[in-house]
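For the numbers below, each heavy atom of this structure counts, side chains included, while hydrogens, waters and symmetry mates do not.
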Amino acid sequence: MNASSVQELPHDLYIPPDALEVFLETFEGPLDLLLYLIRRQNLDILDIPIAEITRQYIQYVDLMQELRLELAAEYLVMAAMLAEIKSRMLLPRPPAAPEEEDVDPRAELIRRLQEYEQFKQAAEQLDTLPRMGRDLFPTLVSAPDCHPQQRLPEVGLRELLLALAEVMRRAKLSEHHHVRREHLSVRERMSEVLAQLSGERFRSFGELFPVDKGRPGVVVTFLALLELVRESLVELVQNEPFAPIYVRAR
Amino acid sequence: MQPNVKSIIEAALMAAGEALTIERLQGLFEAGEAPGREEVRRVIAELSADYARRGIEVREVAGGYRIQVRAELSPWLSRLWEEKPARYSRALLETLALIAYRQPITRGEIEQVRGVTVSTSIVRTLEERGWIRVVGRKDMPGRPAMYATTRAFLEHFNLRSLDNLPDLATLQDPDQAFLELDLRLPDEVDEEESTDVDPADHEEDERS
Amino acid sequence: MQPNVKSIIEAALMAAGEALTIERLQGLFEAGEAPGREEVRRVIAELSADYARRGIEVREVAGGYRIQVRAELSPWLSRLWEEKPARYSRALLETLALIAYRQPITRGEIEQVRGVTVSTSIVRTLEERGWIRVVGRKDMPGRPAMYATTRAFLEHFNLRSLDNLPDLATLQDPDQAFLELDLRLPDEVDEEESTDVDPADHEEDERS
């Protein structure tokens, strides 16, 4: 079947020179031209009549040269390769050839043609995918009252801890200032008491003790007050024994 | 979906990126199929009604109609175009750490530990961020302000109270301290601190 | 109109002009008020249903969501703009296809498959459009750049991920074909072909 189609190859190579130039420019290279020659004749890519295809290919290349089209070197490389395959296929096979000699000399060419055709098709499919700006349009609803904002930096606990470790290391103070958990809650309470006392008002001593935190709350507040007194941050005032005690920020 | 006049006009107003006149809207259609001016207006009024309970609206502006985001939504939408956050300086982080662990503390005391001056802009940044505040003034010459951390600070660092700050004693190896923090299971934390469990905090954890 | 999660998410998707990830949508809300991932997904599904009879649709692309005009409406919508959308040369599309399917790939490898030099201007055009980028250099003489596609490529071609690219046509291995022809006996061929049906191949054939 293939043999007959080769016999009947139309000798339709004559194309008006102007048209040929346009025609050749549509090829993406030697593989593309070869594929065209094969597909035009409905040939099986796995069984290329190499002599005929080579003849046609070289005719095109000659034409291109005659027309002094800028001919990419790749076209000539392919022509040489086709000629080599043709000559290998014409050589008689040695009767007891080792197995690798059995490989069809066209195999590499067929592999490349198939691979190229695969991506030629992929490119065509890519072109038919719905595309933004051609087939699809994003909504671009305006937001006139919105203004870009500067986002505030993020800080994690780990960064805070590393910063503290660093400053402590520098100050070599970590041994003197071993602050334990208990102390932190005392210091937190110190801040709260001071905040309550802002404005130099007298507050009754008892008023500073939270009723909702139970015994630990009372103890922590008491320790906080003692620490505040020791650091001269507050003063305690009692007018007479057993009279209410008042606290004031100094 | 069968393209109809309303869906075409809506899509065009949404995609144009600018206001469209009635003429331009009519120009979307093949000659002879274009809706009349009155029909275009009616369709736009319909769209307007459709959007009544949504975050967008049709507005007539100079030169035509456009669909835009309602002004009420700008606090949320503005975050779409937020710039990349800057990073805080090491000086700021050290200052914040000292205030957290040694509060109430004056600027002078921070400077003593850090060995360098604390810039006013650092203190202002921390105050603006709502992480520190002045809780009193120290009874000494100049009556310097004493700083402490705030509730917002605790919330930002996901702490129930200052007690949850990693123990300073473990500071020799901060990575270790951090690991220890993370390794505790939520119910272990609950058991340990069963006295001051704030249910609100838990809800927040689940939501975020 | 009372801003609610749905109206905020809808307005953001309509105004962003690009696909938004679930994280970015959550980032529109104050900490603690952000909807969970599942809720965001549910809201997007609701919007999708709302748009069923309209000219717009919600589409998942490149790991995010965007609202876009349906392809059916492009004949009308394209009249909005004077300028016709760019047409790309076969050389550019083939180069892009090779990068998309074979990434990471060097220029030399592209040239090997295409059989011709890849022009610098094609690579530059693809880079300028933001569709490809250099992801590394191959460990070989000259250390040639390796190219891969970007998120913008997926967004432009309306793809959720690279998995959604159309299937490549299956290759017949010529060596394999010849070997099999030579080695199998005629009756073996018959038997094998009747039993050795690979369902994967069939699916692929149907899809392509």
Side-chain angles (χ1 to χ4, degrees), chain B residues 1-18 20-21 24-31 33-35 47 50-57 66-82 85 152 155-156 158 200-201 203-208, chain C residues 1-21 23-39 43 46-58 64 66-82:
Chain B
M1 208 243 17
Q2 190 55 36
N4 55 42
V5 170
K6 187 174 167 184
S7 62
I8 291 167
I9 287 180
E10 182 186 36
L13 287 171
M14 283 192 168
E18 58 180 328
L20 297 178
T21 59
R24 261 186 96 187
L25 286 168
Q26 288 173 313
L28 299 174
F29 298 85
E30 299 268 5
E33 285 174 14
L47 290 172
D50 293 348
Y51 300 161
R53 299 173 55 77
R54 288 163 57 193
I56 52 173
E57 60 187 343
R66 75 167 177 220
I67 296 176
Q68 63 181 44
V69 174
R70 286 180 195 275
E72 299 98 288
L73 264 61
S74 56
W76 289 271
L77 270 280
S78 293
R79 296 203 186 95
L80 260 187
W81 295 283
E82 271 173 350
E155 277 165 21
H156 182 89
N158 214 13
D201 279 352
E203 270 171 35
E204 204 151 88
D205 284 348
E206 276 158 30
R207 251 182 287 138
S208 56
Chain C
M1 211 254 357
Q2 188 57 33
N4 55 41
V5 170
K6 187 174 169 185
S7 61
I8 291 167
I9 288 179
E10 182 184 38
L13 288 171
M14 285 185 165
E18 60 179 326
L20 298 178
T21 59
E23 291 73 29
R24 260 189 95 187
L25 288 168
Q26 288 174 315
L28 299 174
F29 298 83
E30 297 268 3
E33 286 175 14
R37 292 184 71 83
E38 273 320 303
E39 189 177 350
V43 165
E46 267 183 47
L47 291 173
S48 223
D50 293 349
Y51 301 161
R53 299 171 56 77
R54 288 164 59 193
I56 52 175
E57 63 184 341
V58 191
R66 73 170 170 227
I67 297 177
Q68 63 191 32
V69 175
R70 289 177 195 275
E72 298 99 289
L73 264 62
S74 62
W76 290 271
L77 268 282
S78 46
R79 295 200 188 98
L80 265 183
W81 296 278
E82 293 282 311

Closest heavy-atom contact between C:Leu28 and B:Trp76? O-CD1, 3.3 Å
Check B:Gly55 against C:Ser7 and note the closest heavy-atom contact, atom names and distance. N-CB, 3.6 Å
Contacting region of B:Glu30 [heavy-atom separation from chain C under 4.5 Å]: both
Taking side chain as everything from C-beta outward and backbone as N, CA, C, O, which of these in B:Ile9 sits under 4.5 Å from a heavy atom of chain C? Side chain, backbone, both or neither. neither
When heavy-atom pairs shorter than 4.5 Å are enumerated against chain C, which of B:Ala11, B:Ser78, B:Gly17 gives the highest number? B:Ala11
Using a cut-off of under 4.5 Å for heavy-atom pairs, which of B:Ile67, B:Val69, B:Leu80 has the most such pairs with chain C? B:Leu80
Check B:Leu77 against C:Ala12 and note the closest heavy-atom contact, atom names and distance. CD1-CA, 3.5 Å
So, taking the atom named CG in B:Asp50 and the one named CZ in C:Arg54, what distance separates them when rounded to the nearest 0.5 Å? 6.5 Å
Using 0.5 Å steps for rounding, measure from the CG atom of B:Leu25 to the CZ atom of C:Arg79. 13.0 Å
